[in-house]
Amino acid sequence: MKPVYFDNNATTKVDPRVLEAMLPYFTEQFGNASSLHAFGAEVGAAVKGARRDLQALLGAEHDHEIVFTSGGTEGDNAAILSALEASPRRREVITSAVEHPAVLSLCAWLEKNRGVKVHVIPVDAKGRLDMAAYEAALSERVAIVSIMWANNETGTLFPVAKLAEMAKPYGILFHTDAVQAVGKVPMDLKSTAIDMLSLSGHKLHAPKGIGALYVRRGTRFRPQIKGGQQERGRRAGTENTPGIVALGVAARLAGDYMAEENGRVRGLRDRLEKGLLQRIPSCFATGDVENRLPNTANVAFEFVEGEGILLLLNRAGIAASSGSACTSGSLEPSHVLRAMSIPYTAAHGAIRFSLSRDSSGEEVDRVIEAMPGIIEKLRALSPFWDGSGAASAFNPVYA
Ligand SMILES: *Cc1c(COP(=O)(O)O)cnc(C)c1O
């Protein structure tokens, strides 16, 4: 049987149309986009086309606002480091407790090694930002706010347009890690106060190692990679032209599929989640279930280990995830679920199912069939499970 891949928030499969479009840029179209001969000109035009496709997906004012990068991590680092360099008198940063490590570990490093004060804004039990704490942290000492558009573990959406508006009167730059939101959530950046946004190709059916940073026109910006004049001096290094072409096509396809993502894929996700919650005792959906990405369900199964669930799911030909790929392998439960005050007994057993436009109803049914037996088997071995099957004591979502 074909394996079920429900780990699309970790990475997605390259769309065959994306692959087909990029292949000529390894062969006949091998030119350097900056060269002044015909080899370069054709490639340069393709790069320009990809920039326009991204501009359209993001609703940006101008295609020059798109800077191609190596991915989400580079975009996050570039935005935050640039803002601190561009505003040397502002030595504070605001972020949230549930960011990706690309933001959180950089902030921890800045605090330890550069004397930057980092305000880590907490979230409530549903993963929603503490707006009072956010408002209290805003001041003219802050160089940049970096808050994600959508959380990669729970899919919870943050009100980034509103957060950006709130930061504006203080002259603070606003960056959002939108790696999970781009292609799933409609965007019109020109009508917001968002200054910078990072995205990553491999989360939207383009290859790994390509991404982009949106930098609003007029934004104070300092390049972090110095060298040639590529990307209008904002990101040196010969352009990854096959990757850029791929990202352009992926952006176009993501725009075409957005309605399906929010209709059919959302329906499949809801059917999966409902099926699991109905058939399995003592489990609950985590995050802000009313306000989240259409493709993501994160369900905490109490008194079991996530790693055990993943192992047995894998044996059944099903791929899912516990926490983020970046923290799995450590015994600590996800920092995102801990920030939501979900107790260890439940956070340890949280599984993220992330679907995509490649997902089918038959796959959803296979997961709903497999899970009850897996949880029962693991609980039979758990010293903490009393077999009562009683309703969850801690259920922030449905309590
Ligand atoms: C995957 C991911 C990243 C990292 O992107 P890369 O392209 O893999 O560097 C950053 N932020 C979020 C929210 C992600 O999901």
Side-chain angles (χ1 to χ4, degrees), residues 5-14 18 54 58 66-81 95-109 120 123 127 129 144-158 160 163 175-185 187 194 196-214 224-225 235 237 240 242-244 246-247 250-251 254 261 287-288 292-298 319-328 334-337 339 352-356:
Y5 184 75
F6 279 179
D7 199 10
N8 286 280
N9 288 11
T11 198
T12 58
K13 183 177 166 187
V14 173
V18 169
L54 274 165
L58 301 180
I66 308 298
V67 178
F68 290 111
T69 65
S70 66
T73 302
E74 184 188 325
D76 290 346
N77 274 257
I80 295 168
L81 292 170
T95 188
S96 85
V98 296
E99 297 298 311
H100 189 274
V103 169
L104 277 185
S105 45
L106 173 64
C107 286
W109 183 87
V120 180
V123 298
L129 198 74
I144 186 167
V145 171
S146 181
I147 291 186
M148 64 200 334
W149 198 310
N151 184 267
N152 45 306
E153 293 190 28
T154 62
T156 299
L157 295 167
F158 290 88
V160 284
L163 298 173
H175 165 255
T176 181
D177 173 341
V179 169
Q180 293 294 345
V182 170
K184 297 173 192 144
V185 177
M187 293 181 181
I194 295 167
M196 290 185 274
L197 171 149
S198 0
L199 64 94
S200 172
H202 75 99
K203 306 288 174 81
L204 63 146
H205 304 278
K208 294 151 190 69
I210 186 69
L213 178 67
Y214 160 86
Q224 297 308 302
I225 299 182
R235 202 278 192 181
N240 171 4
I244 289 170
L247 184 54
E261 188 90 30
D288 188 359
R292 62 175 158 167
L293 292 173
N295 77 318
T296 308
N298 187 309
S321 160
S322 63
S324 70
C326 322
T327 48
S328 55
S334 137
H335 72 283
V336 174
L337 301 181
R352 177 186 71 189
F353 301 94
S354 46
L355 284 61
S356 81

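Values below: every heavy atom of this structure, side chains too, minus hydrogens, waters and symmetry copies. Residue numbers run from 1 in the order of the sequence given. First listed ligand is number 1; within each ligand, the first listed atom is number 1.
- Checked by distance only, ligand 1 and E74 stay at 3.5 Å or farther apart across all their nitrogen or oxygen atoms.
- Looking from atom 3 (C) of ligand 1 to the surrounding protein, the closest heavy atom is H100 NE2, 3.5 Å.
- Using modelled atom types, one finds no donor on one side chain facing an acceptor on the other under 3.5 Å when comparing N151 with T156.
- Of the protein's heavy atoms, T73 OG1, 2.6 Å lies nearest to atom 9 (O) of ligand 1.
- Not counting sequence neighbours, the partners of N295 by the side-chain hydrogen bond (donor to acceptor under 3.5 Å, both in side chains) test are N9.
- E74 pairs by the salt bridge (Lys or Arg N to Asp or Glu O under 4.0 Å) definition with R235, not counting sequence neighbours.
- Listed by number with element, the atoms of ligand 1 under 4.0 angstrom from any heavy atom of G71 are 7 (O).
- Of all atoms in ligand 1, listed by their number and element, those nearer than 4.0 Å to a heavy atom of K203 are 1 (C), 2 (C), 3 (C), 14 (C), 15 (O).
- Nearest to atom 8 (O) of ligand 1 by heavy atom, out of H202, M148, E99, is H202.
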**Prompt:** Are S356 and K13 close enough, and set up right, to give a side chain to side chain contact (heavy atoms under 4.5 Å, CB included), and what steps lead you there?
**Reply:** CA-CA 9 Å; S356 81; K13 183 177 166 187; over 6 Å; no
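- In the vicinity of N152, heavy-atom distances shorter than 4.0 Å reach the ligand 1 atoms 13 (C), 15 (O).
- The main-chain N or O of G209 is never found under 3.5 Å from a side-chain atom of S70 such that the two would form a donor-acceptor pair.
- Protein heavy atom in closest approach to atom 11 (N) of ligand 1: D177 OD2, 2.6 Å.
- In terms of protein heavy atoms, atom 6 (P) of ligand 1 is closest to G72 N, 3.5 Å.
- In this structure, of S200, G211, A150, G209, the residue bringing a heavy atom nearest to atom 7 (O) of ligand 1 is S200.
- Tested against M148 for a side chain to side chain contact (heavy atoms under 4.5 Å, CB included), the candidates V98, V179, L129 yield a single pass: V98.
- With D7 contributing its side chain and A319 its backbone, the two residues share no donor-acceptor pair below 3.5 Å.
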